[in-house]
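Single-structure report; data block below.
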Amino acid sequence: MDGLYLGVALFLLLNILLGMVRVLRGPSPADRMLAAQLFGTTGVAILLLLAEALAAPALRDVALVFALLGGLTVVAFVRRAWSPPTQVNKE
Amino acid sequence: MNISAGGFDILLAAVLPLLAWYVLSTRDLFKAVALFIAYGLLFSLIWVRLAAPDVALAEAAIGAGLTGALLLDTLGRIGSRDTSGAASAMEPEGGPPDARES
Amino acid sequence: MGIIEWVTTIFLLAGAFFFFAGTLGLLRFPDVYNRLHALTKADNVGLGLITIGLMLQVDNWVLALKLLLIWFLVLLTSATAAHLIANAALRGGLPLWRRP
């Protein structure tokens, strides 16, 4: 079973690298941020698989932190960094 | 150590320097921040593979999460003065190409 | 391989497929709203299937509960994030994509 876990983890890592194309190409900041959030979720899945394959329960805590911070960065992005043209002076 | 684990490590080790180079060389500030967040996540996976889950925890929390949020906040404050930064390029696909990309 | 292993394998492969579909949608769809749609599929369904597959393998119900709670946290943050981004994009006047 460990081979299956590692194989799926490798496949998910390839997915992250594929999604990197969207971060590089943009075009809007929201697109890059969406890709970053997908990386966070995929990272959670990879960590859960690795925790099972390597028999390292501590990795589940790392996955928990990944899940928390994916939300945090998106909230920071929407509230702070993203100012669409029509409401630049609202804040 | 089977072939999937080896492929995982080689892929991570090959991509991370490339990603670091992209973070440092891009002109678009927002793109650099988004790439930095992705870089932090992948770096955290590297610490996991090096059997250091505590360092991975710190890297995910501080490196990717908090620094990312702080950089985004900073970008929101300086963004209005920077035409290549966060406030530009709102068009969907097919908008103006980023001419300052080197 | 017993029946539990086969079920786990199926769940894991289905989850990986949903992640792949989400990534592909992120690359191929034309604007932010469409990409949001693809992304939430990968987040919720893909991670959910992988979590269920792994829950069948752990021998301790506390660990199974922990996996379930991790999935719930991701569900919560991903739903919040999708709503925030879609709301900000709509209010900021990001145009909806029309079939050309």
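Each chain gets a letter, A, B and so on, in the order the sequences are listed, and its residues count up from 1.
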### Task
Before giving the answer on side chain to side chain contact (heavy atoms under 4.5 Å, CB included), spell out for A/Met20 and B/Leu42 the whole-Å C-alpha distance, their side-chain angles and the decisive distance to 0.1 Å.
CA-CA 11 Å; A/Met20 208 66 83; B/Leu42 288 185; 4.0 Å; yes

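- Only the side chain of B/Leu19 comes within less than 4.5 Å of a heavy atom in chain A; its backbone stays farther off.
- Only the side chain of A/Val65 comes within contact range of chain B, judged by heavy atoms closer than 4.5 Å.
- Of all the listed residues (A/Leu14, A/Leu64, A/Leu17), the one sharing the greatest number of non-hydrogen pairs under 4.5 Å with chain B is A/Leu17.
- Counting heavy-atom pairs under 4.5 Å between each of B/Ile37, B/Leu71, B/Val48 and chain A puts B/Val48 at the top.
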### Query
After noting the C-alpha distance and the side-chain angles of B/Leu35 and A/Leu24, does the key distance pass the side chain to side chain contact (heavy atoms under 4.5 Å, CB included) rule?
CA-CA 8 Å; B/Leu35 282 173; A/Leu24 290 175; 3.9 Å; yes

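- When all heavy atoms are compared, the tightest approach of B/Ser44 to A/Phe66 is OG-CE1, 3.4 Å.
- With values rounded to the nearest 0.5 angstrom, A/Leu69 atom CG is found 6.5 Å from B/Leu66 atom CG.
- With a threshold of 4.5 angstrom between heavy atoms, A/Ala30 does not approach chain B through any atom at all.
- The CZ atom of B/Phe8 lies 5.0 Å from the CG atom of A/Leu13; values are rounded to the nearest 0.5 Å.
- In terms of heavy atoms, A/Val23 sits closest to B/Lys31 at O-CG, 4.0 Å.
- The CZ atom of A/Phe77 lies 13.0 Å from the CG atom of B/Asp73; values are rounded to the nearest 0.5 Å.
- Taking a cutoff of 4.0 Å between a charged side-chain nitrogen and a carboxylate oxygen, A/Arg32 and B/Asp28 qualify as a salt bridge.
- Of the two parts of A/Leu10, the backbone and the side chain both hold a non-hydrogen atom closer than 4.5 Å to a non-hydrogen atom of chain B.
- Using a 4.5 Å cut-off between heavy atoms, A/Leu6 touches chain B through backbone and side chain atoms alike.
- Contacts with chain A (heavy atom to heavy atom, under 4.5 Å) involve these residues of residues 52-61 of chain B, listed by number: B/Pro53, B/Ala56, B/Leu57, B/Ala60, B/Ala61.
- Scanning all heavy atoms of the two residues, the minimum distance from A/Thr73 to B/Ala69 falls at CG2-N, 4.3 Å.
- Heavy atoms closer than 4.5 Å to chain B are found in the side chain of A/Ile46, but not in its backbone.
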